[in-house]
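The next block holds one structure in the form of structure tokens; read it before the comments.
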Protein chains: 2
Amino acid sequence: MKVVKFGGSSLANAAQVSKVVHIIQSDEQRRFVVVSAPGKRFAGDIKVTDLLIQYAQATINHQSTDTITGQIIARYEEIATAYHIDPVAFNQIKDTILALPNDDYQDRDYLMATFKAHGEKLNAVLIAQVLQSVGVNAKYLDPKDAGMVVTDSPNDAEIVPESYDRLSEWADSSLVRVIPGFFGYNAQGQICTFSRGGSDITGAIVARGVHADRYENFTDVDAIYAANPSVVSHPIAIHNMTFREMRELAYAGFSVFHDEALIPAIQGDIQVVVKNTNHPSERGTSITSQKRVNPAYPVSGIASSPNFCGIYIRKYMLDKKSYSQKILNILAEYGLTYEHMPSGIDDLTVIMHQDQLSADLEDTLIRELVIALRPDEIHITHDYALLMVVGEGMANRTGIMSKATDALARQNVKLVMVNQGASEISMMFGIQQDHADIAVQALYDTFFPDL
Amino acid sequence: MKVVKFGGSSLANAAQVSKVVHIIQSDEQRRFVVVSAPGKRFAGDIKVTDLLIQYAQATINHQSTDTITGQIIARYEEIATAYHIDPVAFNQIKDTILALPNDDYQDRDYLMATFKAHGEKLNAVLIAQVLQSVGVNAKYLDPKDAGMVVTDSPNDAEIVPESYDRLSEWADSSLVRVIPGFFGYNAQGQICTFSRGGSDITGAIVARGVHADRYENFTDVDAIYAANPSVVSHPIAIHNMTFREMRELAYAGFSVFHDEALIPAIQGDIQVVVKNTNHPSERGTSITSQKRVNPAYPVSGIASSPNFCGIYIRKYMLDKKSYSQKILNILAEYGLTYEHMPSGIDDLTVIMHQDQLSADLEDTLIRELVIALRPDEIHITHDYALLMVVGEGMANRTGIMSKATDALARQNVKLVMVNQGASEISMMFGIQQDHADIAVQALYDTFFPDL
């Protein structure tokens with residue numbers, strides 16, 4: 001039995017929904033359908049989730065909401081009309097949207113969570129009706145009834161482990177269950193959402209809960225590619241990869257599949273298959289715990305992610321342990337997170353996402369570090385990219401680092417950081433971000449030479 | 001004016017002492033002479049410091065000390081006899097050795113410190129007499145009179161900053177002052193030593209204190225070499241290097257000049273020159289804060305240091321900050337220090353000196369880490385070497401990493417860690433330690449190709 005999840009672009013309008021209906025009808029194993037809110041129909045379009053955020057903000061600010069509710073309702077209505085959904089049933093969706101401001105909310109965060117979650121919730125209600133209208137024995141399943149209890153964090157919740165037992169009770173259902181992605185309920189019965197894009201997470205949770213054989217994640221690409229197609233033209237598709245590879249690539253910008261959604265899949269050892277709603281016969285990308293035997297290429301993928309900065313700190317005879325502890329304490333004090341802290345003999349570099357730092361906060365942070373550490377030298381460098389070369393096939397092979405650094409040197413890409421730990425399935429380089437595209441292309445040409 | 005320091009092998013016997021006398025006589029700028037205890041005269045010989053440690057242990061254990069005191073006295077006597085030192089004066093040295101057990105010591109650590117320090121102390125007394133006997137206007141200067149106050153840590157003391165002011169009062173002395181290395185006095189007037197080999201530290205402290213133009217460190221090599229001469233045959237001498245380069249190379253096993261001794265030199269910006277007592281006309285190695293302009297080779301030196309281990313810890317979606325903090329706390333609990341903690345996306349490796357870990361302690365540590373971190377995977381790998389490639393000339397050049405990793409790959413040296421931070425003057429590789437010599441040779445051949 002399969003859990004299938006459809007992303008926003010797969011449900012953006014009636015034309016896309018017809019593809020989804022066909023995919024569900026074509027395989028009776030697809031018995032749990034997790035849906036996102038309707039996404040963009042064309043470049044520049046606004047996703048329903050973003051419309052709902054505007055709606056929530058207008059409500060909080062006591063501004064007029066007529067225009068925005070009109071836009072939201074129109075998105076659902078277009079689909080309902082195409083499938084001749086009973087106007088009485090559709091009016092319930094419409095009324096629910098209009099009544100959102102009337103509920104009691106504990107605070108603005110809970111209000112925001114509930115408004116956002118209705119993008120998925122109402123879409124699931126509608127898709128269940130659409131499926132019924134074409135003869136599929138489908139029924140809406142609310143996360144509350146499914147037993148999806150989440151932590152009490154309105155806009156960044158996590159699943160509570162006991163939910164899996166409750167979900168497993170639904171495994172034998174003979175109906176097609178349509179479940180909204182992105183949210184669950186806390187112990188008090190309030191809606192709390194996962195992080196943005198969290199429908200992937202719901203799909204993975206349901207797949208683990210009902211012990212699915214496969215979790216199919218339908219989106220708008222034929223596969224996950226070995227490099228970003230907007231940088232490298234026609235990169236090779238990765239048809240098989242491991243969870244670890246996906247996780248490393250996701251970190252550095254491969255955003256096809258939500259990072260956090262890997263965890264339930266790993267925990268339940270559920271095969272994840274990324275497929276294209278528009279070309280459902282394409283193989284897609286299968287992600288499992290199984291390593292490939294004799295992969296054609298040692299490297300699976302090359303990714304880069306911009307907007308990092310590095311705080312370089314040097315002090316003769318620094319005591320790393322007390323130094324690191326002081327740095328961690330100061331970061332914690334300002335709510336900052338760091339990504340890596342490579343150390344030399346008398347220096348270390350704190351690498352972090354630079355969008356955490358305003359100019360003021362940066363000044364304050366440097367000042368605090370100077371007071372606490374009395375360094376001989378301290379400076380911050382902006383606009384790093386982290387470049388990742390990932391592949392299970394790299395383990396136990398020598399010469400991969402040499403090939404990579406040679407390719408970068410030939411393009412005069414300067415390495416400001418090199419980091420390869422004992423995982424052996426990835427190498428990380430810090431480079432200037434305006435070299436990132438050249439670097440990705442050079443590494444791609446090196447590790448996929450015949451293509 | 002120069003401060004000169006002579007190591008143990010330069011003062012091992014009368015023949016060596018005559019070279020020291022000649023060096024002092026040949027340059028009237030050499031006005032502060034810091035001496036070690038007599039070292040080894042031949043392979044397999046025992047250093048006086050080690051004899052004194054045996055003497056201290058026998059005293060603590062109430063064992064007979066006649067043989068050991070005889071051996072110690074004989075070492076000084078051979079030098080005294082050669083220079084016809086007044087027997088009355090020499091008897092004071094002898095009596096001091098024999099009377100060491102009679103003093104009151106706060107505890108065994110202070111006893112040990114005082115016994116050890118007398119290797120240098122009595123040698124300085126004797127060398128002052130030797131110099132006088134050949135007509136040099138020399139006088140013993142005790143660290144107490146010099147004003148060298150140190151922290152109250154009997155066998156691992158550090159200089160107290162106020163000492164520099166007191167030392168500066170001796171700068172104008174017209175005599176040659178002979179000062180014992182290795183120790184000072186705490187605020188209570190008790191002897192406390194620096195870490196082993198700490199005569200280099202005394203020399204640097206004196207040089208900074210008296211504002212010397214140069215600190216000459218006489219030892220038994222013609223220069224510091226670009227690689228270990230016992231690994232690479234006839235490596236090139238490094239005639240000029242920076243403090244930073246020396247510090248990085250010292251970390252990975254270049255033991256010619258004591259690590260901690262660099263700090264006073266850096267603070268006082270004193271030129272350090274490492275020279276050979278046996279070939280004083282050789283240029284030696286000059287260490288300063290000045291970077292070389294247009295160095296012939298981008299790399300200055302290649303070092304490797306064995307006996308590291310790496311604890312590899314992997315957990316999906318680990319929170320680096322709390323993870324690192326937990327690890328640091330556990331290490332602190334067991335008094336362990338770590339060297340580096342390179343991190344991947346979902347993993348990190350704690351690299352530390354493995355001689356800190358007994359088999360029992362290793363088991364305990366792993367168990368504590370498992371309890372605190374609940375990792376998906378944890379294992380320890382022993383017998384790493386850290387391989388360092390160091391050179392100021394590497395900064396702002398691309399392709400150095402590529403050359404290095406290519407050279408290692410051609411010798412099938414597997415990289416278990418690669419670490420290059422923002423200092424840009426060094427690269428660090430973790431490799432299996434039985435590959436270390438091959439690796440050093442391969443890197444030497446790559447970066448010094450014409451030699």
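All values reported here derive from a predicted model rather than from experimental measurement. Note on naming: letters A, B, ... go to the chains in the order of the sequence lines (proteins, then strands), and numbering restarts at 1 for each one.
- Under a cut-off of 6.0 angstrom, the local environment of CD in A:E158 is sparse, with at most 12 non-hydrogen atoms contributed by other residues, nucleotides or ligands.
- Taking CG from B:D406 and NZ from A:K403, the interatomic distance works out to 11.0 Å, rounded to the nearest 0.5 Å.
- Using a 4.5 Å cut-off between heavy atoms, A:I327 does not touch chain B at all.
- The CD1 atom of B:I425 sits 9.5 Å away from the CD1 atom of A:I345 when rounded to the nearest 0.5 Å.
- Around NZ of A:K291, the count of heavy atoms belonging to other residues, nucleotides or ligands within 6.0 Å does not exceed 12.
- Heavy atoms closer than 4.5 Å to chain A are found nowhere in B:F429, neither backbone nor side chain.
- For the set A:G344, A:A404, A:P342, the count of heavy-atom pairs under 4.5 angstrom toward chain B peaks at A:G344.
- For the pair B:V418 and A:M427, the minimum side-chain heavy-atom distance is 4.5 Å or more.
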- When you look at B:N329 and A:Q325, which way does the side-chain contact (heavy atoms from CB on, under 4.5 Å) test go after all the steps? CA-CA 9 Å; B:N329 290 343; A:Q325 259 163 338; 3.3 Å; yes

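- In terms of non-hydrogen atom pairs under 4.5 Å with chain B, the most contact-rich of A:K414, A:R247, A:H340 is A:R247.
- Residue contact with chain A, scored on non-hydrogen atoms closer than 4.5 Å, involves the side chain of B:M388 exclusively.
- Both the backbone and the side chain of B:M401 come within less than 4.5 Å of a heavy atom of chain A.
- With a 4.5 angstrom heavy-atom cutoff, B:I263 touches chain A only via side-chain atoms.
- Of the residues considered (A:L331, A:D346, A:N412, A:T337), A:D346 shows the highest number of contacts with chain B, using heavy-atom pairs under 4.5 Å.
- Summarising the geometry, atom OG1 belonging to A:T405 is positioned 11.0 Å from atom CD1 belonging to B:I400; distances are rounded to the nearest 0.5 Å.
- Residue contact with chain A, scored on non-hydrogen atoms closer than 4.5 Å, involves the side chain of B:I266 exclusively.
- Among B:L408, B:L328, B:I351, B:L348, the residue with the largest count of heavy-atom pairs under 4.5 Å with chain A is B:L328.
- Screening residues 376-388 of chain A for salt bridge (Lys or Arg N to Asp or Glu O under 4.0 Å) gives A:R314-A:E377 as the qualifying pairs, with residues at least two apart or on separate chains.
- Taken to the nearest 0.5 Å, the OG1 atom of A:T349 stands 10.0 Å off from the CD atom of B:Q420.
- Residue with the most contacts toward chain B among A:G399, A:S343, A:A250: A:S343 (heavy-atom pairs, distance under 4.5 Å).
- Looking at B:I311, neither its backbone nor its side chain comes within 4.5 Å of chain A, counting heavy atoms on both sides.
- Counting heavy atoms of neighbouring residues, nucleotides and ligands inside a 6.0 Å radius, atom CD of B:Q354 exceeds 12 of them.
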